[in-house]
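Data block below; observations after.
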Amino acid sequence: MNPQSPQSSPQSSALGPEFCPQSSAIRTTCPYCGVGCGVVVNIGEEGIKLIGDKQHPANAGRLCSKGTALADTLDGEGRLLYPLINNRRASWEDALERVASGFSKIIAEHGPDAVAFYVSGQILTEDYYVANKLMKGYIGSANIDTNSRLCMSTAVAAHKRAFGADAVPVCYEDVETADLVVITGSNYAWAHPVLYQRLAAAKKARPEMQVVVIDPRRTATCDIADLHLAIAPGTDAYLFNGLLHNLRREDALDLEYVEAHVEGFAAAFAAAREAGPIPKVARICGLAETELSEFYRLFARTGRTVTLFSQGINQSSSGVDKANAILNVHLATGRIGRPGMGPFSVTGQPNAMGGREVGGLANQLAAHMDFSDPAGVDRVARFWNAPNTAKSPGLKAVDMFQAIASGKIKAVWIMGTNPVVSMPDADRVRDALLGCELVVVSDCVQHTDTTACADILLPATGWGEKDGTVTNSERRISRQRALLPASGEARPDWWIITQVAQRMGYADAFSYTRPADIFREHARLSGFENEGNGQARPPLSNSLPQAGERTSESLREFHINRAFDISAWSELSDSEYDALQPTQWPINSQAPNGTERLFADGRFYTPNGRARMLAVVPRLPAVAVDADFPLVLNTGRIRDQWHTMTRTGKVPRLNAHLPEPFVQVQPSDAQGYQLAHGGLARLTSRHGSMLARIQLSEDQRPGSVFVPMHWSDACAKSARVNALVAPVTDPISGQPESKHTPVRVESYQPAWQGFVLSRSRLELPDTRYCASTRGAGYWRHEIAGEVLPADWRDWVQTASGGAGEWLEYRDAAMGRYRAACLHEGKLEAVFFIAMDHRLPEREWLASLFEKANLEAAELAGLLAARPPRGSASDTGRTVCACFSVGEKTILNAIQTQGLDSVEEVGQCLKAGTNCGSCVPEIRRLLERH
């Protein structure tokens, strides 16, 4: 069987107008967070020009720093360009046959549960659909899970418990029209920058809007907060149970709504009563009574309230209960289904929602059907003509990798994700993969921590080459369109899966030739037998809401429909699919143009049509701090990076703001543990250890530390934070407790420290710590070692290759060595070595790599790292990534031009005028000076 190229490939003739080289603009969707921003791309003689799509409802032309830099990621460097079997180049035919025969052999010998797929919120809905269909429908196992398990599975479970379906009730406009926005468990400004800017603009237009941020850290999101509650880690359910109890005491409930549309409220109120009065809740949550009282007062008195929640709620061993505690207060007050109100789970990945639609989680079927419903299992099996369809849930992510480690799972196919970095207990995950009989990885990047464990590597198309759909946080389905031909021999994920399925004997069920074929089937399944189950219920109330309050129809009877329904798109032509416009589901005969918000009529997707309030019994994190591990480790995102940096790490301006792994520590803790700002620290938990640069900050809550999740072995030695995180999960959602790991933090005192700036990335021997970052025309290496080289000159010249003209400085008594290599007047490398972390700033030295020849004054200051007086290139560390504006440049403008507002800084330097993510930092510089 010869593998045929997909008809939707940009190399194909069946492309449609969106893919013609003559097209003036191609509209597509950003591949980063769950905001789902529209992007307009023009490709011409001057290269690729990319701007935000002003016509896309999600962003109206805005882009964050990462989205703005997308064009810079489209080079071929680092790409996986052809199949590899045991690190040797192979043909597609050999690779596909090896995957199909390997899986088939293990299934025949050990059964279908001996194999697994681990997929990703980075792949498209069409990719997800065929992967789920192959595993659950034809292999007959539900052992397919996704990295969305690590970010959104808690919200999924909470929605299903409360609403009867994984249905996000709100839209982005609700955040802008609310009078109170509560942000809990999210650094909204950095994790969802475009939505944050929409909120900031709304608050500027309506200063009376109130914003409350609930977060142990003071983050950039607090820049627009009227109230910041620095809650004790893990106490969120106590806070929201206390809120529910206080709402009842203050007579702030909508009892008419509750009686008509909600069940379980008596038990929920009884559980909330145990939270006790405000002083008790404040004590448990580590808050001042006055602050907590103010929050409860605001919530009680403000009808138009939106509560945004994300990983700080989700990534917990009791995350589902925390999320349901939030949903409880909205149901109890009737603040759902109307403009400007509702609970809003903001999604972390570009297509986590699309994966949930097709059943990408191990405990889901497809199209919002569930293993708990035998009729749903039968329905999917009949639709797919797959009598072998799995009958019960498969293994969730943490359990899946533990089953790989134990040998229960003997073959795994990983698609578009990097679990050796992102999974908890990451060292054990790597060991599990290295010991697994067959590991297949589909990816667009050749060298990651996970591809290093693979037996077979399959080159997948990346953003800019993919063609399909994604769904964002507000249920809006958008097209991701190809801009460029596939790199090398890369193929779409759906095509790779389909080809393997055909070789496993399932050709008739996997005969797709283009993404539109898959999408139409996906849409048909969403509407298949989705007219309700015929169960009627008596009227919920004799009185209906007042006109204009809710668009409720008669409640005489109710039929359960599945929430996810895009059946209006089930007969799209190829050209209609190509031209698909961003639309929110449900999209069916009743709502052919989509649905802005859900539950406006008070009907939910439960057997009796009522929402459910849950009796939440708060629990503290599973593992408490103790004398050996006295600090709480919190992990999360930073402003300009994404996941494990395989894409954003290629862009110099995105690396400049925070160029190496760090641990943020409260100064009082730093004093107690003898940690110096700028030094190195070793963090140790019961599961692993890492090294990171110490960053002291009053924004950090005492007793807690924060470390970003992004760094991997591919870019920083000894800096994978998830190696420390315990494989402790929520018993319902299976989501790991990534926000609360007991650790100890100790000063790391190596024999030497230093940094190297060089034209190319260097292999630096004998380093215990090495973080390598791409800059503009150079690589930055932050290094430390435990053994002093016999001769620094030999070490440096061995590392650099030795060629060129060398300048050197040595102070043996102080343990300092500095060297610079030039070639025909052009700087090739600089090495700065010292006994500790007290080293010069890097920024001016880095700017010299942009020069064809160094001037005499620059040469004179080179080894002293001292720029000539008044040097324009001495900009300081980067603050604004979009326009590469440094801290010294901003401070100089503030001082010399008398700037006293963020707007004036923007007018003068452009800083803060694009994505706005740096505005909080600019404001702090203004406050300091």
Donor-acceptor contact present, side-chain [X] to main-chain [Y], <3.5 Å:
X	Y	result
Asn351	Ile123	yes
Ser104	Ser101	no
Lys739	Thr635	yes
Asp517	Thr513	yes
Ser316	Ile313	no
Gln315	Leu150	yes
Gln502	Ser511	no
Ser473	Gly34	yes
Asn132	Tyr128	no
Lys396	Thr729	no

Side chains of [Y] and [X]: any donor to acceptor distance under 3.5 Å?
X	Y	value
Thr347	Asn472	no
Ser689	Thr684	no
Glu357	Thr471	yes

Are the side chains of [Y] and [X] in contact, using a 4.5 Å heavy-atom criterion?
X	Y	value
Thr648	His710	no
Leu633	Val721	yes
Ile85	Asp455	no
Asp321	Leu614	no
Ser310	Ser345	no
Lys133	Glu521	yes
Asp713	Arg430	yes
Tyr118	Asn147	yes

**Request:** Show your working on side chain to side chain contact (heavy atoms under 4.5 Å, CB included) between Thr154 and Lys322 and close with a plain yes or no.
**Result:** CA-CA 9 Å; Thr154 283; Lys322 291 178 181 179; over 6 Å; no
Atom [atom1] of [X] with >12 non-hydrogen neighbours under 6.0 angstrom:
X	atom1	result
Lys408	NZ	no
Arg637	CZ	yes
Asp626	CG	yes

[atom1]-[atom2] distance between [X] and [Y], expressed to the nearest 0.5 angstrom:
X	Y	atom1	atom2	answer
Ile414	Ser120	CD1	OG	11.0 Å
Thr646	Gln641	OG1	CD	10.0 Å
Asn86	Ile456	CG	CD1	7.5 Å

How are the rings of [X] and [Y] set relative to one another: parallel (under 30°), tilted (30 to 60°) or perpendicular (over 60°)?
X	Y	result
Phe163	His159	parallel
Phe564	His368	tilted
Trp642	Tyr32	perpendicular

**Asked** Could you go step by step and tell me if Phe117 and Leu134 meet the side chain to side chain contact (heavy atoms under 4.5 Å, CB included) rule?
**Response** CA-CA 10 Å; Phe117 293 172; Leu134 174 56; 3.8 Å; yes
**Message:** Strictly by salt bridge (Lys or Arg N to Asp or Glu O under 4.0 Å), give each pair with a member in residues 360-380 just once, sequence neighbours left out.
**Reply:** Lys160-Asp370, Asp378-Arg382, Arg379-Glu529
**Message:** Please determine whether side-chain hydrogen bond (donor to acceptor under 3.5 Å, both in side chains) holds for the pair Ser487 and Glu465, giving the CA-CA distance in whole Å, both sets of side-chain angles, and the decisive distance to 0.1 Å.
**Reply:** CA-CA 8 Å; Ser487 297; Glu465 303 162 356; 2.7 Å; yes
**Message:** Restricting to non-hydrogen atoms, name the atom on Ala509 and the atom on Tyr138 that form the minimum distance, rounded to 0.1 Å.
**Reply:** CB-OH, 3.3 Å
**Asked** Looking only at heavy atoms, what is the nearest atom pair of Arg356 and Val156, with distance?
**Response** NE-CG2, 3.2 Å
**Prompt:** Given the rule in the side chain to side chain contact (heavy atoms under 4.5 Å, CB included) test, do Gln122 and Met415 qualify, once you have shown the distances and angles that lead to the verdict?
**Reply:** CA-CA 9 Å; Gln122 300 290 291; Met415 305 178 196; over 6 Å; no
Identify each donor-acceptor pair in which a side-chain atom of residues 433-447 lies under 3.5 Å from a protein atom, sequence neighbours left out, and give them as a table.
from, atom 1, to, atom 2, distance (Å)
Ser442, OG, Trp413, NE1, 2.8
Asp443, OD1, Val445, N, 3.3

**Fill in**
From the list Val429, Asn418, Thr644, Val421, side chain to side chain contact (heavy atoms under 4.5 Å, CB included) with Thr450 holds only for Asn418
**Fill in**
Contacts of Glu126 meeting side-chain hydrogen bond (donor to acceptor under 3.5 Å, both in side chains) (sequence neighbours excluded), chain-then-number -> Thr469, Tyr577
**Request:** Under the side chain to side chain contact (heavy atoms under 4.5 Å, CB included) rule, what do Met353 and Met152 come out as? Steps first, then yes or no, please.
**Result:** CA-CA 9 Å; Met353 182 75 77; Met152 297 313 302; over 6 Å; no
